[in-house]
Student: 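Structure below; questions to follow.
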Protein chains: 2
Amino acid sequence: MDVTGHTRRPASIRDVASAAGVSYQTVSRVINDHPSVRPATRERVLAAIETLGFRRNATALALASGRSRGVTVLTANTTHYGYAAILQGIEEAARAASYAVGIRVLESDDAPAVAAEVRRAADAGGGLVVIAYDPAGVRALAAVPAGLPVVGVVETPASPPKGDRPWVWTDDRAAAYEATRHLLALGHRTVHYITIPSSTRRTAARTEGWRQALTEAGAAVPRPLQGSWGPAGGYSAGLKLARDPSVTAVLCGNDDLALGVLRALHETGRRVPDDVSVAGFDDAPHAAYLTPSLTTVRLDFTGLGRAAFALLHGVLEKSDRIAPHPVSVPELVVRESSAAPPADR
Amino acid sequence: MDVTGHTRRPASIRDVASAAGVSYQTVSRVINDHPSVRPATRERVLAAIETLGFRRNATALALASGRSRGVTVLTANTTHYGYAAILQGIEEAARAASYAVGIRVLESDDAPAVAAEVRRAADAGGGLVVIAYDPAGVRALAAVPAGLPVVGVVETPASPPKGDRPWVWTDDRAAAYEATRHLLALGHRTVHYITIPSSTRRTAARTEGWRQALTEAGAAVPRPLQGSWGPAGGYSAGLKLARDPSVTAVLCGNDDLALGVLRALHETGRRVPDDVSVAGFDDAPHAAYLTPSLTTVRLDFTGLGRAAFALLHGVLEKSDRIAPHPVSVPELVVRESSAAPPADR
DNA sequence: CTGAAAGCGCTTACAG
DNA sequence: CTGAAAGCGCTTACAG
């Protein structure tokens with residue numbers, strides 16, 4: 001110790017051992033809650049740990065034991081609402097389980113670049129959670145080498161995942177189905193759809209749900225418009241739709257797209273919901289405060305993140321029964337932006 | 001190798017050494033770009049690395065060398081725009097420097113809980129970036145033990161930081177001053193202010209800038225209203241202000257607060273900007289797409305995150321000259337939500 | 001230019 | 001119940 005009270009080098013189990021008058025193996029037993037330690041010995045060790053301010057070196061633990069109590073999240077984005085909320089859920093659950101969480105952004109969706117990022121993520125040790133909502137993420141999930149513990153956060157898959165590589169998802173099909181049904185029930189002849197950027201699969205679950213609702217109602221199925229993740233994409237898609245006077249209802253892949261659509265409709269003089277109804281996905285924090293407030297489908301991304309970590313935790317700890325982590329069902333939230341079409345008024 | 005082509009245990013430097021017919025120290029020299037290795041030897045080692053798919057074990061590297069090429073970000077939040085953008089900037093810069101980034105959320109601002117989180121963050125090894133925009137963050141920054149490399153992302157400080165514990169910040173005072181001046185120049189008699197949650201200092205820089213602009217103009221200085229980080233706080237503060245017919249200009253601590261204020265004014269029948277002007281801070285992605293589009297002050301949080309990492313990198317690598325990382329100056333962006341007050345029309 | 005030794009701070013068998 | 005040994009995969013001096 002120097003005069004400031006800080007040890008130059010943190011105390012190791014050997015320091016604790018000599019302070020407590022035991023061998024360092026005994027210290028190891030105490031900090032690992034090994035049963036076969038005499039209570040008196042344990043007390044002495046605990047006291048030495050306290051006075052020396054000992055903290056077990058996580059790096060040495062990882063090297064010696066071969067496990068690292070860490071998750072790395074691989075994602076193409078950290079700021080869009082869905083991604084950010086998933087990350088929040090993962091961090092929450094990881095912290096509760098005393099896991100460290102790392103984050104690595106996939107800047108490119110170029111296959112070799114993605115593969116390199118996956119390798120670097122694996123270098124951290126521990127498990128992986130890959131957010132596979134976009135081409136980069138989908139590629140990353142596919143590029144994870146066998147034997148590496150990984151959970152994918154995916155769009156609703158066409159077929160269930162393999163047992164050792166679990167996935168989590170929200171019920172995208174049901175979400176889109178509900179939202180479309182809501183708009184049709186208001187009297188709209190059809191519902192136009194602006195998508196978030198698609199991952200690899202042409203028949204995304206949301207598109208399916210939307211199409212199914214239209215088909216069941218005998219409504220025409222317009223061609224979906226490709227949007228982006230942010231308001232700008234909704235704005236430009238909205239300008240296109242605004243030129244078509246037959247458009248009376250627009251479903252948007254997320255609330256930020258919807259925000260852009262609202263703006264585009266405003267600028268082109270189409271009133272919402274009087275002339276056009278708009279609905280989104282997510283129920284992001286701002287959805288309720290827009291004017292008009294936004295009809296949307298609430299998706300529990302934070303819960304999804306928690307579930308992803310719980311699954312990963314299960315495979316890492318090889319617990320027999322992985323606790324089923326239900327992700328809440330998408331819930332339609334009707335607000336001001338949806339109403340009957342002009343013809344019905 | 002088994003039939004699937006995956007080694008059970010990853011190749012170590014000893015495996016590479018025996019494959020290349022050299023000692024493992026030589027392998028260590030090659031992977032560390034040590035100059036004194038004969039080119040022919042280097043080639044053989046490189047070839048063995050390639051064929052065995054060797055990757056240096058980061059954990060062992062950290063344990064043996066005592067440095068870990070990692071940053072842990074300590075923050076009370078990961079989803080609000082400013083926090084998320086800072087995190088994005090840190091990750092970007094860290095990835096470019098081949099650093100791993102960890103994230104740990106401060107759920108409580110209770111002093112012992114914060115101290116515990118700081119200790120756990122330190123356990124990861126490497127450096128720390130603490131986002132000190134709120135009580136939890138401010139406490140965390142103060143609780144970082146001496147000797148641990150740390151950079152604080154802070155509100156504009158009253159006095160400059162110590163040399164070995166650098167801070168970064170945006171010019172909050174100038175930002176608030178500019179926004180307030182803009183509103184006064186439009187003819188408003190005064191500007192009401194809704195704050196984001198204050199950290200410890202009563203006289204936050206933004207409040208100072210706002211007050212200074214008012215005082216210089218000889219305007220009355222109303223009592224600031226306490227908001228939150230999200231739209232809900234802006235909404236309730238906005239309802240209060242809407243009851244006062246003398247309120248014609250409102251400055252909001254961030255764009256999400258402004259969104260809530262817009263909603264409150266709409267619900268109470270006060271038109272923006274005809275009756276009341278509203279301005280925010282941040283220029284978040286949605287600000288330009290709101291109706292009315294939002295006058296705001298653009299703050300470069302991503303650049304701030306990059307700068308924070310650059311500073312940390314400097315102290316970790318003990319480079320003599322820490323590259324000055326300029327954070328761009330706040331920039332007023334005038335949009336539809338601000339105009340002359342009703343009296344002047 | 002290259003190799004043999006010691007050690008980073010732990011854990012995991014193996015003794016007693 | 002407790003201790004002595006070997007080892008996790010590297011790096012850092014120290015030899016030659």
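The basis for the numbers below is simple: all heavy atoms, side chains too, and nothing from hydrogens, waters or symmetry mates. So that the names make sense, note that chain A is the first sequence line, chain B the second, and so on, each numbered from 1.
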Student: One thing to verify: whether B:R69 and B:E317 come together as a salt bridge, which I'm taking to mean a side-chain N less than 4.0 angstrom from a carboxylate O.
Tutor: yes
Student: What does C:dA4 pair with, Watson-Crick or G-U, if both distances are under 3.5 Å?
Tutor: none
Student: Which nucleotide, D:dG3, C:dT2, D:dT2, lies nearest any side-chain atom of A:S36?
Tutor: D:dT2
Student: Using a 4.0 Å heavy-atom cut-off across all strands, classify A:L61 as base, sugar-phosphate, or nothing.
Tutor: sugar-phosphate
Student: The side chain of A:R29 lies closest to which of these nucleotides: D:dA5, D:dT2, D:dT12?
Tutor: D:dT2
Student: Which comes earlier along DNA chain D counting from the 5' end, the contact point of A:P35 or that of A:Y24, where each point is its nearest nucleotide?
Tutor: A:P35
Student: Examine C:dC1: is either OP1 or OP2 under 4.0 Å from a nitrogen or oxygen in the side chain of B:T26? Give yes or no.
Tutor: no
Student: Hey, does the side chain of A:R38 come within less than 4.0 Å of D:dT2's phosphate (OP1/OP2), counting only N and O?
Tutor: yes
Student: Less than 4.0 angstrom between a side-chain N/O of A:R56 and OP1 or OP2 of C:dT11, yes or no?
Tutor: yes
Student: Just checking A:R67: base, sugar-phosphate only, or nothing, at a heavy-atom cut-off of under 4.0 Å?
Tutor: sugar-phosphate
Student: Measuring from B:R95:CZ to A:E117:CD, what's the distance to the nearest 0.5 Å?
Tutor: 5.5 Å
Student: Watson-Crick or G-U wobble partner for D:dA13, using a 3.5 Å limit on both distances?
Tutor: none
Student: Would one find a side-chain N or O of A:S23 under 4.0 angstrom from OP1 or OP2 of D:dT2?
Tutor: no
